[in-house]
Amino acid sequence: MARVMTAPASSPSSPSSSWRRRPWVRWATPLLIVAVLAVLPLVGTEFQNETLARIGVFAVAVLGLNVVMGYTGQVSLGQIFFLGFGAYVTAYGVSQDWNIVLVFVLACLLPAAAGLLVALAAARLGGLAIAMVTIALPIVGVPLAKRLNEYTGGSQGLSARFAESPEGSGLYDDQWTLYLVIAIGGVVFLLTHFLVRGKYGRAFAIVKGNENVAASMGISPYRYKVLAFTIASAIGGVSGFLYMLVIQYTSPETMSFGHSIELLAAMVIGGAASIVGSLLGGAFYVLVPQLTNQVDASLTALLQGAILLVVLFVLPGGLASLPRALTRGRRRLRAGRGPAAPPTTPSSTPGSGTAAEQPETERQGHA
Amino acid sequence: MTLLELEDVTASYGPVQVLDGVTLSVPENGAVGILGANGAGKTTTLRAISGTVRAGGRIVFDGKDIRGMRPDQVAAQGIAHVPEGRGTLGDLTVRENLMVGAYLRKDRKGIDEDVDYCLDLFPNLRERITSNASALSGGEQQMLAVSRGIMSKPRLMLLDEASLGLAPSTAKNVYDAIRRLRVESGIAMLVVEQNANLAFTLVDTATVLETGRNALTGSSAELKGMDEIRRAYLGG
Amino acid sequence: MGEFVQLVVDGLSTGSVYAAIALAIVLVHSATGLVNFAQGGMAVLAAYVAWVLTNQSVPLVVAVLASIVFSFVLGAVVERYLMRRFERGDPDTAVVVTIGLLTLITGIAGWLWSYNNQQFPSLFPLDTVSFLGVSISIRSIGTTLSIVAVMIVLQLLFVRTKLGLALRAVAINPQSAAFSGLPVERLLMVGWGLAAVLGAVAGALVAPQLTLTPGMLDNALVYALAAVILGGLTSPVGVVIAAWMIGVLENLAAVYVPFIGHDLKIAVPFILLFVVLVVRPQGLFGRKTVVRV
Amino acid sequence: GGGNDAGRGGDAAEGAPSPGITDTSVTLGITTPLSGATAGPGTCTVAGVTAYMGMKNAEGGIEFGDGKTRTVEIEALDDTYDPQQAKANYDQLKDDVFAMTAGLGTPTNRAWLDAAIADEVPQVLIMTGDPIFSETEQSPWQLGFVPIYQNEGEAFGELLATSTEEHKVAILAQNDDYGEGYVEGFKSAIEGSDNIEIVDELTYEATDTSVDAQLTELANSEADIFFNAMSVTPLMISALQKAQQLGWTPSWFLPSNTSSPTAILEPGGAAAYPGIYSVSFSKAPQSPAFAEDEDVQTYLSALKDYGNYPDPPAFPHCQWSWMVGATLEQAFQNMEEPTRDSFMEALRSIEGYEAPLMLPDTSVSTGEDGQPAVSTVVVQKFNGRGYDTVETFE
Amino acid sequence: MAAELTLQDVSLQFGGIKVLQDVSFAVEPGQIFGLVGPNGAGKTSLFNCISGHYKPTAGTVRIDGTEVQGARPATLAKHGLARTFQHPALQLHETVLENVLLGAHTRLPGGALEWAVRLPRTWRAEKALRAEALELLERNDLGWAAHLPADELSHGLHKGVELCRALLMKPRLLLLDEPAAGLPHAEVETLIATVRRLRTDDDITVVIVEHHMGLIAALTDRVVVLDHGAKLMEGTAAEAQSDPRVIEAYIGKDAADDAA
Ligand SMILES: Nc1ncnc2c1ncn2[C@@H]1O[C@H](COP(=O)(O)OP(=O)(O)OP(=O)(O)O)[C@@H](O)[C@H]1O
Ligand SMILES: Nc1ncnc2c1ncn2[C@@H]1O[C@H](COP(=O)(O)OP(=O)(O)OP(=O)(O)O)[C@@H](O)[C@H]1O
Ligand SMILES: [Mg+2]
Ligand SMILES: [Mg+2]
């Protein structure tokens with residue numbers, strides 16, 4: 001419509017993204033990733049492998065949370081419940097000597113079904129209300145798990161070891177476990193990666209952005225919230241399966257409400273609505289306590305709080321926004337030297353951080 | 001006497017520079033218009049003045065350099081910015097919105113009078129005085145935004161498409177009222193307006209922006225006489 | 001009958017603890033649009049400050065006043081140097097920042113004062129009065145009345161004063177508020193400062209009952225949040241009533257509904273919340289926000 | 001490599017030193033909550049043993065059964081009472097430490113129980129009353145320290161059974177294995193006593209902010225004995241206060257970890273009750289009876305100097321952990337090879353050891369299957385300032 | 001193809017406020033229909049009633065003879081109804097192209113699982129619609145902006161993007177809420193041409209709310225004038241502009257004089 005040319009120098013393709021678009025890079029990158037993942041378990045020490053496996057568990061849990069919260073904008077404080085549910089299903093199934101594939105399927109389906117039920121009710125609400133309804137899941141889940149002690153082992157929990165490396169594979173248990181985590185987690189990541197691009201990704205995003213618009217595009221906000229929530233629960237269930245695979249024990253404490261909050265923090269720190277961010281979030285969830293324990297075990301809370309704040313202060317978009325922040329920083333450096341952008345007060349710098357200037361948007365209540 | 005002086009003003013959103021040397025001046029009690037195609041930089045010019053966007057060059061208000069001030073500091077100098085689009089505070093009632101507009105004023109009586117003035121000007125608002133602003137129709141929100149500007153009794157008003165979404169008669173009323181304010185209260189005006197017919201009933205001079213630069217500046221009469229202006233902005 | 005009334009009274013007194021934190025959350029939310037998870041942590045910190053002072057044999061009332069002043073400054077500083085960076089960004093990020101802040105504050109308190117339980121002197125005597133066969137401690141009555149007083153002050157602040165209006169306006173849309181000359185940055189600092197003050201009052205009220213530890217209010221936080229949503233984010237009166245309802249209904253359900261019992265009684269507020277929200281999404285007393293197409 | 005249970009450690013040659021031990025030092029690992037809701041007692045579990053070993057190190061170290069004198073290093077990690085984190089901590093420590101010890105918590109210890117067995121890493125003298133850790137068959141590399149919960153409940157039940165009067169008992173128990181264990185032990189001891197009737201039994205959650213409702217309900221039972229299996233300090237204080245407000249003044253039974261005279265009974269106003277009973281096996285440092293006690297004085301000063309714990313602790317876990325240190329010393333002295341096997345053997349053959357701070361009639365005995373290191377407790381009655389041992393219920 | 005829209009005694013109330021009162025009119029297939037009236041008359045609300053965002057308190061809305069009042073907006077959208085919003089509502093951080101592609105949602109085949117495993121037919125469809133969206137942008141002079149984030153476009157341009165988004169839905173009934181607001185005169189002419197083309201090329205029924213009387217006069221076959229929620233008159237644009245009631249309530253005396 002308008003004849004105004006956009007400022008020519010400012011095409012969106014920064015050098016790095018155009019580099020990423022080269023065909024050989026597009027093919028080589030996945031291959032490289034697969035290759036690295038294939039040898040990774042073979043080169044690490046036992047503890048490194050165990051740590052990586054744990055990262056995998058929580059990366060999957062964060063990924064699930066990202067589907068419902070990062071992409072679809074529905075604050076869920078219940079994700080840990082689905083992890084716990086998946087873990088219990090797995091532990092129970094293993095204790096009953098069920099076929100492990102069946103156990104895996106149940107560990108996805110039962111949490112998904114629970115998630116579906118909850119979502120059918122909760123998706124009618126929005127914003128903070130949905131946060132409060134989902135917060136109830138872990139909070140009620142803990143006493144419920146104790147009450148159902150026939151299946152859950154009550155407060156003493158359930159142990160299950162089912163991932164001994166197969167005879168003749170020549171692998172240590174930790175290597176085998178890590179391979180399983182990488183394989184299962186990798187598939188979940190890949191599927192989610194595809195899902196949040198294209199039709200469903202856009203649909204989730206518009207449900208997050210503006211439900212009225214979504215509806216007028218033929219996207220029922222309710223149905224898509226339910227869908228996202230169910231997917232998140234299923235992925236949560238998978239992470240519960242992996243949890244049992246790696247940790248081999250679950251108890252009501254597994255799903256304590258504090259962990260749900262930590263998962264949420266991990267999601268934001270990794271980068272909301274980002275696949276890589278989920279992985280980084282999982283790493284943050286696992287590595288930071290490890291790190292703070294190393295520094296001073298009696299100051300873990302203080303250090304963890306401080307690290308969280310520092311990371312977000314530097315990268316409000318989460319760890320996944322680091323490359324973007326770097327290119328922006330470089331661009332700003334270059335621009336800063338030009339005559340056109342003299343400094344002004346910090347408060348009026350649009351584009352600083354994630355807070356791109358949105359003069360007319362109102363802030364909605366949000367948890 | 002010039003009240004507001006812009007000289008070679010530049011502005012950018014992040015790395016994207018959108019103002020490339022805008023120059024204009026608003027005399028005391030004057031009314032100046034800004035015309036231009038979509039995306040020409042009209043809104044950005046007003047934002048540069050009110051401090052919501054990072055700007056370069058010289059912006060002087062009443063002899064004082066206001067470039068780099070925060071928006072509330074600019075407002076405290078006596079500049080009211082009526083923004084484009086939904087410039088209201090959605091979760092506050094209509095009356096509360098008006099009271100926020102009068103935040104810097106101390107004269108209780110004057111405030112009450114002005115509330116009445118606005119409600120007379122826009123009877124729709126009187127009907128919805130206790131409604132949340134977000135429930136109002138598009139046009140009603142626009143009325144409220146303008147009223148908030150009026151409530152702050154500024155020395156200079158920056159109006160960004162004040163007639164946007166207003167019914168023809170209402171739009172005309174608004175401009176009549178603004179003209180009256182200018183005459184009665186001596187408020188100077190800098191208006192961005194797509195409805196150039198309406199704008200020319202108010203402004204003495206106007207400037208046409210093109211890709212962030214002044215393409216033309218002249219008195220109303222001069223501009224109205226130019227073919228390309230007629231074609232692009234006035235019709236017929 | 002006596003038991004029933006006693007349970008109601010007990011519930012009101014527990015509910016008042018939730019209400020104390022809930023009010024502070026409402027204040028920050030109304031003034032900045034955020035839900036502040038660190039609210040409890042800040043209250044605990046204030047209580048520790050008061051406790052340290054009383055240990056230096058400063059009179060309790062003076063110590064609490066000092067902790068209030070401390071809290072105001074703390075709140076303002078936290079806003080200025082921490083929250084400001086996140087105020088215009090993604091609200092989820094800002095909430096996570098408050099979670100980080102909670103962890104940090106808890107860690108600092110644990111580091112400075114250890115995780116040992118400390119006795120916090122009560123502002124009210126420990127005596128009990130009884131009427132109609134129900135016994136109530138003076139402390140609960142004092143706490144409850146203080147909460148009511150705070151609630152009234154807060155309600156008046158929001159609806160009657162220019163400051164309250166300005167705080168709300170800034171929370172809704174800082175940019176637009178600035179166009180009317182509202183000193184956005186200062187108001188945000190004041191909003192946080194006041195919320196921290198409220199937290200300090202809450203801390204001093206509930207610390208004697210809960211005994212002072214760094215995590216003293218962690219368990220109450222969930223209830224407080226439920227009360228905030230149930231009552232309607234914008235209404236101080238609403239959240240106090242909601243907090244009381246939660247306290248009372250929880251007790252009654254635990255005792256009179258055998259299936260729920262004391263272990264699942266925590267589900268009660270959430271079921272209540274859910275039912276209410278389906279009927280009234282804005283909460284019991286909240287003002288409906290209209291999002292127009 | 002081979003796909004077997006033993007991780008990667010493989011079996012070292014017979015007699016070769018296990019990880020975490022050299023000729024001059026031995027390293028012990030702890031995973032315990034150092035932040036979060038259970039950080040109070042958790043911190044204590046580290047402080048006591050650290051203080052004890054610090055004191056020994058300052059004296060030059062401990063002489064082991066193999067003739068070498070070693071200093072003892074302690075690596076403690078925070079698990080925030082999260083089983084997953086506890087397992088991670090264990091994974092991190094297992095190759096560097098000789099043995100894991102002293103950590104607090106049932107689920108957190110259970111989380112790596114199987115792994116410790118598979119890796120053949122000692123998980124000993126831990127602070128949980130869960131019986132599984134003392135079943136040698138199931139837990140060959142484990143040993144609990146504190147009496148199993150059942151024992152404590154049982155001790156009180158037995159005391160009550162000595163009474164000839166009619167008693168009505170009200171029970172409030174934490175809704176987990178802790179509370180259940182207590183109640184189970186108590187009930188088994190009063191079985192068959194016709195004069196004792198349980199009139200009401202309720203539970204609470206460790207995360208509750210208040211137990212007022214339970215107290216109100218229990219007060220209506222008009223019981224004269226209140227068996228309160230509660231492990232949360234603030235709740236115990238408020239329970240003591242609430243019952244008084246309600247005008248309900250039964251005799252109380254309190255568990256060993258929530259019966260501190262200064263931290264709980266005094267603020268709770270315990271003087272109002274006819275009798276406050278608790279079980280214990282350690283001297284209460286706050287009790288005037290022990291103010292001059294040499295053990296207590298050594299302990300308190302070491303806690304300050306080596307344990308980084310300046311205040312008198314509100315939790316008995318500090319004392320217990322101190323005893324863990326002493327018990328470990330016993331095992332070290334008898335252990336003939338610097339191996340975990342040898343250590344376990346030495347540890348399992350301690351008999352009737354009266355560790356410092358132990359009350360008369362209690363001792364550390366590790367030989368009995370199904371029982372933790374300490375299985376004898378004495379019942380005590382609060383005397384206004386400290387505790388006295390009692391034999392009969394009066 | 002084009003849809004037929006009939007409203008019968010549509011009323012709408014919020015609390016005590018009567019927003020619409022017994023509004024009835026019929027839009028024939030292929031018509032370009034105008035809806036005008038003073039601010040707050042209920043035009044946008046009427047749109048909301050048609051598109052399912054509001055449920056009328058009384059009356060019926062029929063599309064092609066089927067009663068649709070109370071149907072969910074998403075359902076209506078799937079059956080060929082598209083609309084723009086008075087205040088443009090775009091995904092500001094997404095590119096313009098992604099915004100427009102949102103309109104293709106109902107035209108893309110496949111369920112979540114098929115997209116998750118990237119079934120070939122899903123991405124083939126995606127590719128085809130992407131091309132179509134680009135072409136659509138190109139045709140509306142917005143091709144240059146396709147890969148810019150929407151928030152880098154000015155307010156006026158958002159209107160164009162919204163229009164493209166609605167058009168990609170291939171609707172049979174299109175509701176435009178003040179499409180010309182904020183456009184300079186020259187752009188209004190382009191818009192008029194675009195909407196005309198919609199009728200001739202795409203066979204769409206169009207209902208327009210607009211305060212720009214020039215556009216209404218040039219474009220519409222028929223108009224309804226609303227005032228205070230009630231129908232004031234119905235007729236051609238010219239009839240409306242000369243109707244004294246309309247001049248009184250809406251256009252204003254002076255404005256009418258000016259125009260004359
Ligand atoms: N937040 C933003 N980030 C980046 N670029 C922007 C932003 N806002 C506006 N622009 C760009 O700046 C230029 C000027 O925009 P501005 O809003 O000032 O135009 P305008 O003249 O007011 O147009 P309209 O008549 O459509 O309102 C446009 O090219 C627009 O794309
Ligand atoms: N959700 C709602 N809640 C309360 N009032 C509403 C709501 N929606 C519309 N209204 C009221 O209905 C009336 C009609 O609004 P509507 O937006 O339909 O007007 P309009 O004709 O589109 O006006 P404009 O030309 O200004 O856009 C207004 O007074 C408005 O305040
Ligand atoms: Mg503009
Ligand atoms: Mg409208």
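All values below were derived from every heavy atom in this structure, side-chain atoms included, with hydrogens, water molecules and symmetry-related copies excluded.
Between chain C and the residues B:I79, B:L92, B:V74, the largest count of heavy-atom pairs under 4.5 Å involves B:L92. Top candidate by heavy-atom pairs under 4.5 Å with chain C, chosen from B:V100, B:V82, B:N97, is B:V100.
With a 4.5 angstrom heavy-atom cutoff, B:L158 does not touch chain C via any of its atoms. For a residue to count as touching a neighbouring chain, one of its non-hydrogen atoms must lie under 4.5 Å from one of that chain's; by this rule B:S137 touches chain C with backbone and side chain alike.
Side-chain atoms of B:L3 and B:R155, non-hydrogen and from C-beta on, do get closer than 4.5 Å to each other.
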Expected list for residues 145-153 of chain B: side-chain donor-acceptor pairs under 3.5 angstrom, two or more places apart:
{"residue": "B:S147", "atom": "OG", "partner": "B:M143", "partner atom": "O", "Å": "2.8"}
{"residue": "B:R148", "atom": "NE", "partner": "C:S180", "partner atom": "OG", "Å": "3.2"}
{"residue": "B:R148", "atom": "NH1", "partner": "B:G87", "partner atom": "O", "Å": "3.1"}
{"residue": "B:R148", "atom": "NH1", "partner": "C:S176", "partner atom": "OG", "Å": "2.9"}
{"residue": "B:R148", "atom": "NH2", "partner": "C:S176", "partner atom": "O", "Å": "2.5"}
{"residue": "B:R148", "atom": "NH2", "partner": "C:S176", "partner atom": "OG", "Å": "3.4"}
{"residue": "B:R148", "atom": "NH2", "partner": "C:S180", "partner atom": "OG", "Å": "2.9"}
{"residue": "B:S152", "atom": "OG", "partner": "B:G149", "partner atom": "O", "Å": "2.9"}

Donor-acceptor list for residues 239-246 of chain C side chains, cut-off 3.5 Å, not counting sequence neighbours:
{"residue": "C:W244", "atom": "NE1", "partner": "C:S16", "partner atom": "OG", "Å": "3.1"}

Could you walk me through whether B:S25 and B:E5 pass the side chain to side chain donor-acceptor pair (under 3.5 Å) check? CA-CA 4 Å; B:S25 73; B:E5 177 94 60; 4.5 Å; no
